[in-house]
Amino acid sequence: MSKFLVDKYQTIEPYTPGEQPKKGSLIKLNTNESPFPPSPKAVEAIAKAAGDLNLYSDPECKKLVDAIAEYYGVSAKNVIATNGSDESLAFCFQAFCDENTPAAYPDITYGFYKVFAKLYSIDSKVMPLKADFSVDPADYMGINATVFLANPNAPTGMALALEDIEKIALSNPENVVIIDEAYVDFGGKSAIELTRKLSNLLVVQTFSKSRSLAGGRIGFVIGCEELIEDLRKIKYSFNPYNVGALPQAAAEASIRDTEYFEACRKSVIDAREYTVEQLLKMGLAVLPSCANFIFVSPTRISGQEYFAALREKGILVRHFSAPRVCDFVRVTIGSREQMDAYLKATREILEERR
Ligand SMILES: *Cc1c(COP(=O)(O)O)cnc(C)c1O
């Protein structure tokens, strides 16, 4: 750190991304990426768009926004596209939180909420999950804060019912409720429908997980026109060209390729159900997941030991050291072959320690 960094950032603890090892050395189940390549149509669209890179990208992301609006049956005015959904979330923190309006989110959730709160000098109301790791909707009723809920939650994979989301939004008419649906395509129910009638509800989604475009950096927000207008105000005050031309082209082609999307997500869901069944048979504990990852406790050894032993065997998963979750590891659902390798390694690890 230099002496020039301003005081308020000296104590910030940035988000720690999962390791990105060199290709081939490890089976990578640590950052919830898709095991499948992007839609071939997305790859084709990138090649086509590349010839125009001398020009700035479309700041309105019009073709992409139209495609998203069409897919979800909303108007283009209800959609904004961003550079990954992390940027969507950052815009929400900037637009809807300040010194009088704190952010509320669970103790165990996506690590970035805490980082953004600190970055923008926003207070946090951190609400502990219940003992079974579910969100207690009662915690958020009339909370007087901007609510951030990942649904399904990360790293638990557990989902909150839409009725509860509706109740939370209705009980906070003076605050915005932001539902982060990064994993919704793997078994959650989207709150997009609710944004039609609730003018304080926003849904954030990403192309990073279910659409195999993590490296493309595309996210979007859906909500009532006024809220989207607020987010546009932040975007145009920060970086009008926030989404590159290649990612715009890739994402548009991807959302129009329904067949490929459905095949990929079905494959991930099938591999998840298979993996959970095998783990339960072996006596491990697994939280009920609606996502493309599972939260697994080996029960007989610590989460840290399990993580390290899997790594020894060439399988990279994610371990979090926070006290409530340190007995677990988060395992991304990869291809069936990758999951068989993970299950084999797990079987060996438990045998070796019997
Ligand atoms: C992965 C993830 C994101 C961020 O995704 P982007 O790649 O920035 O679109 C947001 N929220 C949650 C809960 C995530 O797991």
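Counting starts at 1 for both ligands and their atoms, in listed order. Index from 1, following the sequence.
Counting only heavy atoms of the protein, atom 8 (O) of ligand 1 lies nearest to Arg217 NH2, 2.8 Å. Taking atom 11 (N) of ligand 1 as the reference point, the nearest protein heavy-atom neighbour is Asp180 OD2, 2.6 Å. Looking at atom 5 (O) of ligand 1, its nearest protein heavy atom turns out to be Ser85 OG, 3.2 Å. If you check which protein heavy atom lies closest to atom 15 (O) of ligand 1, you get Tyr183 OH, 2.4 Å. Summary of contacts: the protein heavy atom closest to atom 3 (C) of ligand 1 is Lys209 NZ, 3.4 Å.
Taking the six-membered ring where the residue is Trp, Tyr241 and Tyr56 present parallel rings, their angle staying beneath 30° rather than reaching 60°.
With a heavy-atom cut-off of 4.0 Å, Asp86 touches ligand 1 through backbone and side chain alike.
Side-chain N/O atoms of Tyr236 and Asn242 include no donor and acceptor closer than 3.5 Å.
Set against the non-hydrogen atoms of Gly84, the atoms of ligand 1 under 4.0 Å away are 8 (O), 9 (O). Each of the following atoms of ligand 1 lies closer than 4.0 Å to a heavy atom of Ala182: 2 (C), 11 (N), 12 (C), 14 (C). If you number the atoms of ligand 1 from 1 as listed, the ones under 4.0 Å from a heavy atom of Ser208 come out as 6 (P), 7 (O), 9 (O).
Taking each heavy atom of Lys28 and Pro21 in turn, the nearest pair found is CE-CD, 3.7 Å.
Nearest-residue assignment for atom 10 (C) of ligand 1 (options Phe220, Phe207, Tyr110; heavy-atom criterion): Tyr110.
Every heavy atom of Glu87 sits 4.0 Å or more from the atoms of ligand 1. The closest approach between a heavy atom of Asn32 and any atom of ligand 1 is not below 4.0 Å.
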